[in-house]
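Comments concern the structure below.
The chain is numbered in sequence order, starting from 1.
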Amino acid sequence: MAFTGSVFVKELLQVPVISIGVLPLIESSKDLAPNGLGMEPASSRAGKMKQDLLRWLVKNIFIRKPNKQFQRIMEEHGIEHNNVFLFDLLSHKANFILQSGTPGFEYYRSDLSNNVKFIGPLLPFSVRQEDNFWFDKRLTQYKKIVLVTQGTVEKDPAKLIVPTLEAFKNSDTLVICTTGGSQTAVLKKQYQYANIIIEDFIAFADVMPYAHVYVTNGGYGGVMLSIENQLPMVTAGVHEGKNEICARVGYFKLGINLKTEQPSPEQIIMAVNEVMTNDVYKNNIENLGKEFKQYNANELCLQYVQAVTPPKVIARRKSFQLA
């Protein structure tokens with residue numbers, strides 16, 4: 001979805017373009033604050049006026065230069081832009097935007113583009129192999145289990161992993177930590193407690209069914225998996241667009257958004273306890289998880305690709321398959 005070259009592929013090469021939304025929708029809306037600020041939709045008149053002002057400032061002040069530069073490049077190639085904002089051009093020029101997720105995890109927009117199609121969660125394909133299935137007997141020995149990760153992009157475990165381990169070390173809560181390969185050996189040496197498991201990688205499909213709370217900095221793929229597994233969250237992320245993801249977790253009460261990249265152990269303990277004891281979060285994420293199951297991402301992707309594929313190409317593909 002963020003590939004700016006898609007506009008030129010569509011307009012100059014006359015090739016259909018399907019953009020894949022692997023982050024919350026980036027196109028502007030008169031109902032929302034600008035994308036990237038991590039602000040929840042306003043309900044008051046004053047709040048809506050603030051949103052209007054922020055959208056104007058982003059377009060005309062903060063991102064004015066790159067917006068104008070992109071428009072100049074389009075003009076040099078004879079492509080009309082009608083002074084549409086950069087992020088909206090990426091959306092409006094595509095034949096379809098196949099958005100990972102469902103409407104239940106996106107803010108309401110009265111002006112949503114017709115080419116935006118929700119296709120359910122786009123998740124990695126996997127085949128469960130019993131000989132590679134991850135399991136630890138401690139999963140059945142603890143009544144409270146927390147899964148924590150910072151994904152593979154954030155390399156500093158001091159931001160979220162360390163505060164979470166500090167919060168629950170030597171307690172009655174099992175903490176399962178995946179590091180993505182960052183300082184795993186150091187953390188294992190530092191946190192040698194019976195209730196702490198630290199690994200480079202654990203397939204979330206293996207561990208999420210056992211967990212009670214997912215502590216994350218808000219990576220979109222992990223959040224999609226958490227919703228699919230109906231696992232409430234505590235989120236703490238700001239950069240790389242994670243503030244928008246975390247804001248949605250808090251807004252739809254799928255968990256608690258701590259609105260920081262560096263929460264204290266005390267903040268994490270309080271948030272985890274609130275999520276574990278308040279049924280609102282569990283009920284909301286269960287309902288959204290059920291909505292996820294109503295979407296077949298593979299079938300929907302195929303449907304929209306075929307919709308923009310010339311009949312002759314489809315015929316040749318079927319002929320090849322039969323041969």
Any side-chain heavy atom of [X] within less than 4.5 Å of one from [Y]?
X: E274; Y: M270; value: no
X: M233; Y: V213; value: no
X: K259; Y: C246; value: no
X: L147; Y: V215; value: no
X: R55; Y: K30; value: yes
X: L165; Y: I196; value: yes
X: F87; Y: I63; value: yes
X: Y220; Y: K242; value: no

In Å and rounded to the nearest 0.5 Å, what is the [atom1] to [atom2] distance from [X] to [Y]?
X: K93; Y: H81; atom1: NZ; atom2: NE2; answer: 9.5 Å
X: F70; Y: T4; atom1: CZ; atom2: OG1; answer: 5.5 Å
X: L160; Y: T235; atom1: CG; atom2: OG1; answer: 9.5 Å
X: Q150; Y: C177; atom1: CD; atom2: SG; answer: 8.0 Å
X: L57; Y: D52; atom1: CG; atom2: CG; answer: 11.0 Å
X: M208; Y: I202; atom1: CE; atom2: CD1; answer: 11.0 Å

Would you say the side-chain atoms of [X] pair up with the backbone N or O of [Y], donor to acceptor, closer than 3.5 Å?
X: D88; Y: E27; value: no
X: D200; Y: G180; value: no
X: K155; Y: T152; value: yes
X: N115; Y: I97; value: no
X: D136; Y: L139; value: no
X: S226; Y: L231; value: yes
X: K117; Y: N114; value: yes
X: D206; Y: F133; value: no
X: S44; Y: G47; value: yes
X: E244; Y: L37; value: yes

[X] bridged to [Y] by N-O distance under 4.0 Å:
X: E286; Y: K290; value: no
X: D156; Y: K159; value: no
X: D172; Y: K144; value: yes
X: D111; Y: R109; value: no
X: E199; Y: K188; value: yes

Kindly indicate, with the supporting measurements, whether the criterion side chain to side chain contact (heavy atoms under 4.5 Å, CB included) is fulfilled by F105 and V223. CA-CA 10 Å; F105 192 61; V223 168; 3.8 Å; yes

For [X] and [Y], which heavy atoms make the closest approach, and how far apart are they?
X: L25; Y: Q99; answer: CD2-OE1, 3.3 Å
X: L187; Y: P157; answer: CD1-CB, 4.0 Å
X: P265; Y: E166; answer: CG-CB, 4.0 Å
X: P121; Y: F292; answer: CG-CD2, 3.4 Å
X: P163; Y: I268; answer: CB-CD1, 3.6 Å
X: T178; Y: I161; answer: O-CD1, 4.0 Å

Test Q71 against N67 for side chain to side chain contact (heavy atoms under 4.5 Å, CB included), laying out the working first. CA-CA 6 Å; Q71 291 179 350; N67 188 47; 3.7 Å; yes

Anything under 30° is parallel, anything over 60° is perpendicular, the rest tilted; go ahead and classify [X] against [Y].
X: F204; Y: Y214; value: perpendicular
X: F8; Y: H77; value: perpendicular
X: Y251; Y: Y107; value: perpendicular
X: Y191; Y: Y193; value: tilted

Flag for T216-T149: side-chain donor and acceptor within less than 3.5 Å: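 There is no such pair (donor and acceptor under 3.5 Å, judged by atom type) between the side chains of T149 and T216.
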
Under 3.5 Å, is there a donor on one side chain and an acceptor on the other for R72 and Q69? yes

Count I, L, V, M, F, W, Y as connected when their side-chain heavy atoms are under 4.5 Å apart, and connections chain through other members. Are [X] and [Y] then in the same cluster?
X: I20; Y: L89; value: yes
X: M1; Y: V15; value: no
X: I176; Y: F201; value: no
X: V153; Y: L123; value: no
X: Y281; Y: V146; value: yes

Mind checking what makes side-chain contact (heavy atoms from CB on, under 4.5 Å) contact with A297, not counting sequence neighbours?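 Result, side-chain contact (heavy atoms from CB on, under 4.5 Å) vs A297: L122.
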
Going by side-chain contact (heavy atoms from CB on, under 4.5 Å), name the residues that satisfy it together with A42, two or more places apart in sequence or in a different chain.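 With neighbours one apart ignored, the set is K48, Q51.
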
Determine whether more than 12 heavy atoms belonging to other residues, nucleotides or ligands lie under 6.0 Å from atom NZ of K10.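 It does: K10 NZ has more than 12 such atoms within range.
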
Check whether more than 12 heavy atoms from other residues, nucleotides or ligands sit under 6.0 Å from atom CE of M74, and answer yes or no.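 More than 12 heavy atoms, drawn from other residues, nucleotides or ligands, come within 6.0 Å of this atom.
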
Evaluate the side chain to side chain contact (heavy atoms under 4.5 Å, CB included) criterion for residues V7 and L90: first the C-alpha distance (whole Å), next the side-chain angles of each, then the deciding distance (0.1 Å), finally the verdict. CA-CA 6 Å; V7 173; L90 300 181; 3.9 Å; yes

List the steps, then state whether side chain to side chain contact (heavy atoms under 4.5 Å, CB included) holds for N195 with S171. CA-CA 7 Å; N195 71 311; S171 71; 3.4 Å; yes

